[in-house]
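Reading through the structure tokens given below for one structure.
Whatever order the structure lists them in is the order used to number ligands and atoms, beginning at 1.
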Amino acid sequence: MHAPNVNENTVVAHPDLPLLRLEKLHANLQRRSEHFLGYQFNSVFDYSALAPFLNMHLNNLGDPYSSACKTVHTREYEREVLAQFAQLWRAKGRHPLTPESYWGYVLSMGATEGTMFALWNARDYLSGKPLLHQTVWSTGDTPEPVIFCSEDTHYSIAKCASVLNMPTFYDLGSRNFPGLCPVTEDGNWPRAVASQDGVVDPKQLAELVDFFVARGHPPIIVLNIGSTFKGAYDDPQAVWPLLLRVFEKHGLSLGEGGGRQDYWIHVDGALGAGYLPYLELAHEKGLTDERGPLFDFRLPYVSSIVTSSHKWFGAPFPGGVYMSKEKFRLRPPSRPDYIGSPDSTFAGSRNGLSPLILWYALNTAPADVQAHAAARCARLADYAHQRLETVVERIPGFWVERSRRSLAVRFTRPRPRVFSRFGLSGEGTGAHIFTMPHVTRAVIDKLVDALTAPNALSLPKPT
Ligand SMILES: Cc1ncc(COP(=O)(O)O)c(C=O)c1O
């Protein structure tokens with residue numbers, strides 16, 4: 001396994017290659033990761049056991065469950081990873097294969113790719129396109145599906161909607177129903193559903209959905225399980241009863257008895273769909289008092305879930321998992337002879353190293369290790385919150401906020417020197433940190449010291 005994969009055609013590094021530059025880059029990046037607090041990436045991992053795989057081309061071209069395509073691939077490991085995520089997200093198994101069985105794949109990009117795939121699938125499913133397991137389908141002249149998400153939603157949703165040429169309720173409302181928004185006094189359409197402390201407002205969401213469902217537009221609802229800036233969790237169980245009332249009022253199909261349903265709920269769990277299952281386990285084991293909302297396939301109305309592997313688990317490059325159910329699968333646009341597999345994923349060539357990374361992470365740090373890590377991160381967020389509160393006491397005008405159970409703590413945006421030293425990210429006048437597994441109390445203490453040093457902040461003079 002350790003023999004390098006070389007022959008007379010192998011390109012070897014030229015002796016003049018500026019390795020020194022790479023060494024410098026490495027040292028520089030390592031220094032920066034030590035104080036890296038501002039994004040929801042986990043940078044504590046050791047995948048050096050996988051180093052030999054860097055010298056081969058691993059390509060999981062085609063469907064993870066097809067064995068037809070004979071590339072050098074890791075599809076067997078991808079399937080194991082998917083089975084482990086199915087357990088984590090309480091999905092129905094694939095043996096026997098039923099309409100409720102999970103189907104998914106390991107992404108080559110991060111959560112953005114999974115959401116792009118989910119919205120594409122949702123649009124075509126709700127528009128009556130042919131399903132994989134259906135020989136008769138509606139030729140449907142359905143009004144176009146419409147997307148709903150909160151103002152705390154990641155910017156990738158708007159991008160995916162634009163790429164797929166799908167309207168959000170703001171687009172459709174402004175275009176077809178100007179001045180008729182039911183939730184604003186002036187009737188103008190807001191760009192997104194209001195949220196409180198980062199959590200979508202279920203009542204406003206239901207009112208907006210009601211407006212479009214009444215006009216025949218099938219709704220696609222994106223819920224955040226870990227919003228980008230606040231790290232807040234929408235609560236599917238708070239949202240569903242209100243949506244259900246709307247659906248029943250307008251006679252939408254709920255998909256009972258094997259029929260097609262008339263709505264789609266996508267869970268964007270870029271970080272939270274990795275973290276919350278382990279926090280729940282930690283709660284069961286008595287390691288923490290905290291647990292997040294239910295978001296997974298225990299809720300029969302959840303249609304798809306996405307997570308990024310570089311966030312909770314940590315990875316040297318972006319990746320992730322998309323998961324949905326067999327019954328929602330569309331007939332792929334083509335079944336290219338060339339690969340011998342249905343073209344059922346978003347990309348053509350697919351990264352074969354990402355499944356190995358996740359497989360290694362899941363198998364070297366099994367669930368109880370992850371539960372301890374989740375409980376530690378939750379405690380660290382409490383610690384960071386408390387330590388930053390001490391800055392509020394010392395510096396007039398400095399503020400700190402934290403959404404419920406979030407790993408993000410937000411505070412007054414410091415001057416650029418402190419901002420970049422700690423790799424913070426910001427929104428308007430605020431900045432935040434995420435207490436990911438690589439973060440330590442010592443770095444948080446350093447941040448607090450830096451924030452209280454002279455000239456760290458530019459605050460308005462007290463009047
Ligand atoms: C809630 C949410 N969704 C989606 C994304 C995009 O994930 P990725 O960068 O892995 O594509 C992020 C990234 O931070 C996020 O926070």
Side-chain angles (χ1 to χ4, degrees), residues 36-43 45 85 104-120 122 147-164 168 192-193 195 197-200 220-236 265-276 292-293 295-296 302 304-323 345-347 350-351 353-355 357-358 361 377 381 403 405-410 423-427 430-436:
F36 187 75
L37 293 176
Y39 289 83
Q40 35 185 292
F41 307 146
N42 172 3
S43 48
F45 49 76
F85 271 91
Y105 71 97
V106 175
L107 305 162
S108 293
M109 292 159 55
T112 304
E113 179 191 336
T115 291
M116 184 84 80
F117 191 85
L119 295 182
W120 177 28
I147 301 171
F148 299 84
C149 56
S150 87
E151 58 199 12
D152 281 270
T153 297
H154 190 256
Y155 56 84
S156 59
I157 309 299
K159 178 167 59 183
C160 294
S162 165
V163 170
L164 294 162
T168 63
V193 185
S195 47
D197 201 24
V199 180
V200 69
I220 300 172
I221 295 128
V222 177
L223 297 177
N224 295 313
I225 291 298
S227 66
T228 307
F229 193 65
K230 297 181 182 140
Y233 308 107
D234 292 341
D235 184 352
I265 296 181
H266 173 61
V267 171
D268 178 358
L271 169 64
Y275 166 62
L276 284 191
F295 68 89
D296 58 29
V302 166
S304 53
I305 303 178
V306 68
T307 198
S308 303
S309 44
H310 48 289
K311 295 199 164 101
W312 175 252
F313 298 94
F317 42 75
V321 172
Y322 169 79
M323 192 166 280
T345 59
F346 190 70
R350 295 194 299 116
N351 181 339
L353 200 50
S354 269
I357 295 280
L358 272 171
C377 290
S403 298
R405 299 170 298 217
S406 172
L407 291 183
V409 185
R410 320 190 291 277
L424 302 180
S425 65
E427 210 173 72
H432 74 186
I433 59 170
F434 262 92
T435 56
M436 298 299 291

Check for a donor-acceptor pair, side chain of Ser304 on one end and backbone N or O of His266 on the other, with a separation under 3.5 Å. no

Given a heavy-atom cut-off of 4.0 Å, could you list the residues near ligand 1 in chain and number order? Gln40, Gly110, Ala111, Thr112, His154, Ser156, Gly226, Thr228, Asp268, Ala270, Ser308, His310, Lys311

Using 30° and 60° as the class limits, which term best fits the ring planes of Tyr322 and Tyr105: parallel, tilted or perpendicular? tilted

Once you measure the plane-to-plane angle for Tyr39 and Phe41, does it fall in the parallel (<30°), tilted (30-60°) or perpendicular (>60°) bin? parallel

Judged by atom type as modelled, is there a donor-acceptor pair below 3.5 Å linking the side chain of Glu113 to the main-chain atoms of Ser108? yes

Parallel, tilted or perpendicular: ring planes of Trp120 versus Phe117, cut at 30 and 60 degrees: perpendicular

Asn42 side chain to Met436 main-chain N or O, any donor-acceptor pair under 3.5 Å? no

